[in-house]
Every structure is written in C-alpha cells, then in structure tokens.
Asks: 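Have a look at the structure that comes next, please.
Given the structure is predicted, the values throughout are model-derived calculations rather than measurements. In this chain, residues are counted from 1 in sequence order.
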Amino acid sequence: MRKSIAVTAAGLAVTFFGLTACGSGSGNSGGKDGTLVVGATAVPAGEVLTYIKDNLAEKAGLKLEIREFTDYVLPNTALQEGSLDANLYQNQPFLDEFNKSKGTDLVSVVKAYLPPMGVYSKKVEDIGKLADGATVAVPNETTNEGRALKLLAAKGLITLKAGAGTDASPADVAANPKHLKFKELDPAQLPRSLDDLDVAVINNNYAQDAGLSPAKDAILLESAKDNPYANLLAVKRGNEDDPRVEKLAQLLVSSDVKKFIAEKYKGSVLPVTSG
C-alpha cells in the first residue's frame with residue numbers, strides 16, 4: 001500500500017515533458033537572458049518567490065522565472081535534468097531520501113521558511129478527544145509519512161519503535177492505545193478526503209491550497225522548536241556558487257521576506273533566522 005517516491009500519473013509525465021522542452025536545458029545556463037528558473041509548489045513557495053520577483057529581484061540584479069508544480073517529484077526531476085536552475089518546496093529529510101532513492105545529486109543552499117504540518121478534521125475539534133478506532137489519514141510518501149507519524153507520537157497518540165527515523169511507517173508503530181486506523185493517501189488528496197475521515201495529517205502547502213489556515217484550522221500543529229523540516233532552496237551539486245542562486249538565497253532570508261511571511265501567513269508559515 002505504501003508508495004515510494006515515484007511519478008504515478010501519466011498526466012504529470014506529460015507536464016514534465018512540456019517543461020523540459022521549454023526549459024533551459026542546463027542547470028548552469030538558466031533561462032534566456034540569464035534568468036534564474038526556479039520550480040516551486042504554489043503555496044507558500046510560489047507566493048514567496050512571486051513577492052521576491054515583484055518587489056526585490058530587480059534591485060538585486062536578478063531575473064527570476066517561476067514554474068509551479070503540483071507534486072513533490074517533478075521539481076527535483078526537472079532540477080536534476082537541467083530544465084530548472086533551482087527549486088523551493090522541500091525539506092532536508094525529503095531531499096536526502098530523494099537523492100538516495102533516485103540517484104540524484106541535489107543539495108541545499110539555504111533554509112527559507114518552515115511550513116508546519118498539521119492535523120485537520122471536519123468531525124473532531126479536540127485532538128485529545130479522538131475516538132477509539134478513529135481513521136487517521138497520512139501522506140503515502142516516505143518522509144512525509146514519517147513526519148506525520150512523529151507528529152502524532154509527539155502528542156502521545158501513538159508510540160513509535162525505538163530507532164524509527166524519518167522513513168517511519170505504520171509498521172513502526174509500537175503502541176496504539178486508541179487503536180487508530182491508518183489510511184495512506186497521496187498528499188494532494190488529503191484535504192479533499194476530509195469528509196470521509198476522522199482526521200488527516202496534511203502538508204502545509206496542500207492545506208493552504210484547499211483554503212485551510214494551519215494556524216487557525218489545525219487541531220494539532222508542529223512546533224517550530226528543533227524542527228528539521230524547514231523548506232530549502234535546492235540546486236544541482238556544483239551550482240551552489242552561481243551568482244544568481246546566491247542572490248536569491250540572500251533575498252529569501254532577508255528582513256523584507258521575513259516581514260512578508262509574517263504578515264501574509266500570520267503563523268501558518270514561519271520564517272527562519274538563518275540558513
């Protein structure tokens with residue numbers, strides 16, 4: 001039942017072909033006229049990059065093109081193959097697992113912000129009152145599933161086996177006092193499935209895409225303290241010192257961007273203070 005990191009829809013493959021055909025063709029050359037081509041999910045990455053493009057990039061001498069993706073696989077595939085110069089949407093555990101499973105050679109440049117994962121429900125208002133035998137949906141991607149289970153474990157709803165890491169799955173649940181039933185779904189489907197579930201653990205970007213406010217609507221939200229899941233700007237190894245990448249990295253952690261994040265997301269996305 002558990003799905004590894006893979007492209008699962010023919011439509012996505014067609015989308016990627018189109019991106020490759022019109023892309024730069026090289027991680028070093030970028031887009032036309034030296035434009036930096038950056039892949040991103042729509043929220044919050046795409047919105048943060050759009051703010052930079054509209055308000056900060058010109059002054060910094062940076063030409064920026066943003067290409068939005070609706071999944072977590074193609075932005076890395078496109079980056080590895082050269083139709084993107086950088087991407088912004090993933091965390092370090094996800095990147096590490098992707099490199100390991102796909103043989104890619106992608107590296108982090110800077111941490112940009114933290115999009116906390118949350119638990120959402122249309123039936124339960126208090127996570128502490130989750131009923132015995134409740135159905136809990138989790139993302140079916142390796143690191144996101146492990147992240148979701150760790151969030152539930154931090155609340156004491158389950159206990160994971162000793163040594164369970166970022167790739168934890170329901171098989172790693174050592175104690176389940178509420179007899180929770182886990183349902184593994186594609187991350188993008190989770191918000192649309194809330195009517196049929198007791199609760200769902202949903203990635204920040206998909207929650208916001210569905211009109212949910214993590215700060216207001218989540219009945220359980222990740223803490224920022226010691227959180228390894230900050231989203232990062234990534235490039236193909238060897239391109240870390242590209243002047244355009246360095247300019248974007250500096251802008252992502254600038255005071256202007258921190259202020260934008262704080263004002264726009266009001267706690268649903270958290271700025272980070274250093275790379």
Side-chain angles (χ1 to χ4, degrees), residues 1-13 15-16 39-47 68-79 87-102 113-122 135-153 165-172 180-214 217-222 227-232 234 265 268-269:
M1 293 294 294
R2 190 172 176 215
K3 184 180 70 178
S4 61
I5 298 176
V7 179
T8 60
L12 291 178
T15 299
F16 173 62
T41 49
V43 181
E47 293 177 342
E68 290 189 354
F69 293 77
T70 59
D71 80 311
Y72 290 157
V73 177
L74 293 180
N76 274 346
T77 308
L79 182 58
N87 67 37
L88 176 65
Y89 77 101
Q90 66 194 313
N91 54 60
Q92 191 66 55
F94 183 90
L95 177 60
D96 291 342
E97 174 64 25
F98 195 98
N99 280 332
K100 180 181 177 181
S101 66
K102 291 297 186 182
Y113 52 79
L114 172 68
M117 178 178 269
V119 178
Y120 300 84
S121 177
K122 291 186 176 181
T135 299
V136 180
V138 295
N140 65 356
E141 292 176 335
T142 304
T143 54
N144 283 312
E145 183 170 51
R147 181 181 181 183
L149 293 172
K150 286 180 177 293
L151 175 58
L152 298 174
T166 56
D167 60 349
S169 75
D172 294 302
L180 302 178
K181 299 173 183 176
F182 295 101
K183 187 170 185 177
E184 297 164 300
L185 296 175
D186 184 276
Q189 294 180 357
L190 289 166
R192 299 193 296 269
S193 302
L194 279 175
D195 287 335
D196 303 317
L197 303 163
D198 292 304
V199 298
V201 191
I202 304 177
N203 290 81
N204 189 285
N205 65 303
Y206 290 126
Q208 294 202 60
D209 281 343
L212 297 168
S213 167
D217 298 325
I219 59 174
L220 178 63
L221 196 64
E222 276 182 332
N227 194 309
Y229 296 109
N231 278 184
L232 51 88
Y265 299 109
S268 291
V269 178

Asks: Not counting sequence neighbours, which residues clear side-chain hydrogen bond (donor to acceptor under 3.5 Å, both in side chains) with Asp209? List them please.
Replies: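 For Asp209, no residue satisfies side-chain hydrogen bond (donor to acceptor under 3.5 Å, both in side chains) once neighbours in sequence are set aside.
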Asks: Which residues satisfy the side-chain contact (heavy atoms from CB on, under 4.5 Å) test with Asp96, sequence neighbours excluded?
Replies: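 Asp96 satisfies side-chain contact (heavy atoms from CB on, under 4.5 Å) with Gln92 only.
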Asks: Of all residues at least two apart in sequence or in a different chain, which pass the side-chain contact (heavy atoms from CB on, under 4.5 Å) check with Ala40?
Replies: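 Per chain and number, Ala40 pairs via side-chain contact (heavy atoms from CB on, under 4.5 Å) with Ala45, Leu49.
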Asks: Would you mind reporting whether Lys150 and Tyr229 have side-chain heavy atoms less than 4.5 Å apart?
Replies: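 Yes. Closest side-chain heavy atoms under 4.5 Å.
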Asks: So, using side-chain contact (heavy atoms from CB on, under 4.5 Å) as the criterion, who are the partners of Ile219 when residues are at least two apart?
Replies: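 With neighbours one apart ignored, the set is Val119, Ser121, Val124, Ile127, Val199.
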Asks: What distance do Met117 atom CE and Asn227 atom CG have between them, rounded to the nearest 0.5 Å?
Replies: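 Between atom CE of Met117 and atom CG of Asn227 there are 10.0 Å.
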Asks: Taking the side chain as everything from C-beta on, heavy atoms only, tell me whether Val73 gets closer than 4.5 Å to Phe98.
Replies: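 Side chain of Val73 against side chain of Phe98, heavy atoms only: contact under 4.5 Å found.
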Asks: Would you name the heavy atoms of Asn140 and Pro187 that are closest together and state the gap between them?
Replies: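 Minimum heavy-atom separation between Asn140 and Pro187: OD1-CD, 3.6 Å.
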Asks: If you compare all heavy atoms of Ala137 against all heavy atoms of Leu190, which two are closest, and at what distance to 0.1 Å?
Replies: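 For Ala137 versus Leu190, the nearest heavy atoms are CB-CD2, 3.6 Å.
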Asks: Who pairs with Asn204 by side-chain hydrogen bond (donor to acceptor under 3.5 Å, both in side chains), at least two apart in sequence or on another chain?
Replies: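 Per chain and number, Asn204 pairs via side-chain hydrogen bond (donor to acceptor under 3.5 Å, both in side chains) with Gln208.
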Asks: Leu88 and Tyr113: side chain to side chain contact (heavy atoms under 4.5 Å, CB included), yes or no, with the steps?
Replies: CA-CA 10 Å; Leu88 176 65; Tyr113 52 79; 3.9 Å; yes
Asks: Between Pro170 and Glu184, which heavy-atom pair has the shortest distance, and what is it?
Replies: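 In this case the closest contact between Pro170 and Glu184 is CD-OE2, 3.7 Å.
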Asks: Fit a plane to each ring of Tyr72 and Phe94, take the angle between them on a 0 to 90° scale, and name the class: parallel (under 30°), tilted (30 to 60°) or perpendicular (over 60°).
Replies: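 Answer is perpendicular, since the angle exceeds 60°.
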Asks: What pairs with Tyr120 under ring pair (Phe, Tyr, Trp, His ring centres under 6.0 Å), at least two apart in sequence or on another chain?
Replies: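 Testing Tyr120 for ring pair (Phe, Tyr, Trp, His ring centres under 6.0 Å), a comparison that skips the adjacent residues, returns none.
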Asks: Is there a side-chain contact between Pro44 and Asn205, using heavy atoms and a 4.5 Å cut-off?
Replies: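 Side chain of Pro44 against side chain of Asn205, heavy atoms only: contact under 4.5 Å found.
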Asks: Please lay out, stage by stage, how Leu149 and Asp172 fare under the test side chain to side chain contact (heavy atoms under 4.5 Å, CB included).
Replies: CA-CA 9 Å; Leu149 293 172; Asp172 294 302; 5.9 Å; no
Asks: Can you list every side-chain hydrogen bond (donor to acceptor under 3.5 Å, both in side chains) pair that touches residues 187-203, not counting sequence neighbours?
Replies: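 Pairs touching residues 187-203 that pass the test: Lys122-Asp195, Asn144-Asn203.
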Asks: On a heavy-atom basis, which atom in Tyr89 and which in Asn231 lie closest, and how many Å separate them?
Replies: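 Shortest heavy-atom contact: O-OD1, 3.2 Å.
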Asks: Considering all heavy atoms of both residues, which atom of Asn91 and which atom of Leu232 are nearest to each other, and what is their separation?
Replies: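 Where Asn91 meets Leu232 most closely, the heavy atoms are C-CD2, 3.7 Å.
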Asks: Supply the atom-to-atom distance Glu97 CD to Thr142 OG1, rounded to the nearest 0.5 angstrom.
Replies: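 Answer rounded to 0.5 Å: 5.0 Å.
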Asks: Among all residues two or more places apart in sequence or in another chain, which pass the side-chain hydrogen bond (donor to acceptor under 3.5 Å, both in side chains) test with Asn87?
Replies: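 For Asn87, the residues satisfying side-chain hydrogen bond (donor to acceptor under 3.5 Å, both in side chains) (neighbours in sequence not counted) are Asn76, Gln90.
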Asks: Using modelled atom types and a 3.5 Å cut-off, is there a donor and acceptor pairing between side-chain atoms of Glu145 and backbone atoms of Ser169?
Replies: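 Such a contact is absent between Glu145 side chain and Ser169 backbone.
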Asks: Tell me every residue that passes side-chain hydrogen bond (donor to acceptor under 3.5 Å, both in side chains) with Ser268, counting only those two or more places apart in sequence or in another chain.
Replies: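 Checked Ser268 against side-chain hydrogen bond (donor to acceptor under 3.5 Å, both in side chains); matches are Ser213.
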Asks: Indicate the atoms forming the closest heavy-atom contact of Ala207 with Ile202, along with that distance.
Replies: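 Scanning both residues completely, I find the closest heavy atoms to be N-CG2, 3.7 Å.
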Asks: Give, for atom CG of Leu220 and atom CG of Leu152, the distance between the pair rounded to the nearest 0.5 Å.
Replies: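 If I round to the nearest 0.5 Å, the distance is 7.0 Å.
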Asks: Just how far is it from atom CD of Glu47 to atom OG1 of Thr41, taken to the nearest 0.5 Å?
Replies: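 Here the rounded value is 9.5 Å.
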Asks: How many angstroms lie between CG in Asp167 and CZ in Arg147, if you round to the nearest 0.5 Å?
Replies: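 It comes to 15.0 Å.
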